[in-house]
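A quick note: this is a predicted structure, and the numbers were derived from the prediction, not measured.
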Amino acid sequence: MRDRQPIVYIISAPSGSGKSTLVNVLLAMTPRLDFSISYTTRPVRGSEQNGKQYYFVSRQDFEQMIADDEFLEHASLYGRDYYGTARRFLREAEEKGHDLLLDIDVQGAAQIKQKLPDAVSIFVLPPDRKTLEWRLRKRGEDSDEVIDRRLDAARREIENYDKYDYILINDKLEESSDSLQAIVLSERLSRSKSSLSAGDQEIMELANRQRLANMRNRVLPILASFRTLPPSARC
Ligand code: ADP
Ligand code: 5GP
């Protein structure tokens, strides 16, 4: 146990931006950071396992959990499937004295920010639309049609970037991983009562560069790359 509340970190991104890759690196490198495993009604994909990436439940069970107020937030995505963050993960993190990372969409992020205004939100962007398309193709999980749909969804999702505290442009993986870790550590440092070492100051500065106010100019060309190319354009 410790003397402060868990820090809740929210990370959102259009599919293919590299969010899962970044989250996996972050979790491996950061002590006392738990991942909230969401509940979903969508079918299992590829090598996913129940209880690892998600808890896969029926619609009926999900709706019962809503009725029992078991979710901190939940959303219906793509007009089809439910996704939700269970309250118990926050309770468990608090009991252990850990912080909590939520990988959720824009609607879920807005709900969490309303309930927990101190939550720290991070939006991951690809360097541009072409790179996103290339990454989706390289991942090799989706048909051309699904990729077109994801690119179209990405265009809409990224319009919400300015609702987030931090913006991470995932260009070079190592740099993005360092910046993501700096955000997490700097938020811990800013809530701690100890004085900051020179190394801590560097971490704070690196994180500060990723703040929304300092990233706006870098985001504009990315937004433009999504507006000018039609979804059917190929790499
Ligand atoms: P998401 O979770 O956002 O859908 P993934 O983490 O699955 O995205 O990444 C999509 C693809 O892009 C994967 O093949 C991954 O290895 C690759 N990738 C992720 N980050 C980078 C990066 N910075 N540079 C190049 N490729 C990347
Ligand atoms: P996928 O089906 O590709 O795994 O995820 C689709 C989207 O659902 C992603 O944007 C992911 O962040 C989001 N998501 C995953 N879990 C939750 C959750 O518990 N709540 C909300 N609101 N979104 C979630």
Which atom names give the shortest non-hydrogen contact between [X] and [Y], and what distance separates them?
X	Y	result
L212	D162	CD2-O, 3.4 Å
D200	S195	OD2-O, 4.3 Å
R59	R80	NH1-O, 3.0 Å
D99	A93	O-CB, 4.3 Å
A119	D165	O-OD2, 3.5 Å
K113	S121	CE-OG, 3.6 Å

Under a 4.0 Å threshold between the charged nitrogen and the carboxylate oxygen, would [Y] count as salt-bridged to [X]?
X	Y	answer
R137	D144	yes
R91	E95	no
E133	R129	yes
E159	R227	yes
D152	R155	yes

Supply the atom-to-atom distance D118 CG to I7 CD1, rounded to the nearest 0.5 angstrom.
->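 Reported to 0.5 Å precision, the distance equals 9.5 Å.
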Could you grab the distance from atom CD1 of I183 to atom CD1 of I203, nearest 0.5 Å is fine?
->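 Those atoms lie 12.0 Å apart.
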After noting the C-alpha distance and the side-chain angles of N170 and S176, does the key distance pass the side chain to side chain donor-acceptor pair (under 3.5 Å) rule?
-> CA-CA 5 Å; N170 181 23; S176 327; 2.9 Å; yes
Check the surroundings of atom [atom1] in [X]: do more than 12 heavy atoms from other residues, nucleotides or ligands lie under 6.0 Å from it?
X	atom1	result
E202	CD	no
R216	CZ	yes
K172	NZ	no

Determine the sole option in Y9, Y161, Y164 for which the ring pair (Phe, Tyr, Trp, His ring centres under 6.0 Å) test with F123 is passed.
->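 Among the candidates, only Y164 passes.
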N/O donor-acceptor pair under 3.5 Å between T30 side chain and L27 backbone =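 Not a single qualifying donor-acceptor pair exists.
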Would you check if the side chain of Q181 reaches a backbone N or O of M29 as a donor-acceptor pair within less than 3.5 Å?
->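 Yes; at least one donor-acceptor contact below 3.5 Å.
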So do T131 and D171 actually touch side chain to side chain, heavy atoms under 4.5 Å?
->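 When only atoms from C-beta onward are counted, T131 and D171 do not touch, as no gap falls below 4.5 Å.
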With a 3.5 Å cut-off and no angle check, do the side chains of E187 and Y166 form a donor-acceptor pair?
->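 Note: E187 and Y166 side chains meet the donor-acceptor criterion.
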Are a donor atom and an acceptor atom from the side chains of R211 and N214 found within less than 3.5 Å of each other?
->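 No, no side-chain donor-acceptor contact under 3.5 Å.
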Could you tell me which residues satisfy ring-ring contact (aromatic ring centres under 6.0 Å, His included) with F89, sequence neighbours excluded, listed by chain and number?
->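 Testing F89 for ring-ring contact (aromatic ring centres under 6.0 Å, His included), a comparison that skips the adjacent residues, returns none.
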Looking at residues at least two apart in the chain, or sitting in another chain, which of them share a salt bridge (Lys or Arg N to Asp or Glu O under 4.0 Å) with R139?
->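 Testing R139 for salt bridge (Lys or Arg N to Asp or Glu O under 4.0 Å), a comparison that skips the adjacent residues, returns E141, D142.
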Who are the salt bridge (Lys or Arg N to Asp or Glu O under 4.0 Å) partners of E48, not counting sequence neighbours?
->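 With neighbours one apart ignored, the set is R42.
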Tell me, with the steps shown, if F62 and F71 meet ring pair (Phe, Tyr, Trp, His ring centres under 6.0 Å).
-> CA-CA 10 Å; F62 198 102; F71 290 117; 4.5 Å; yes
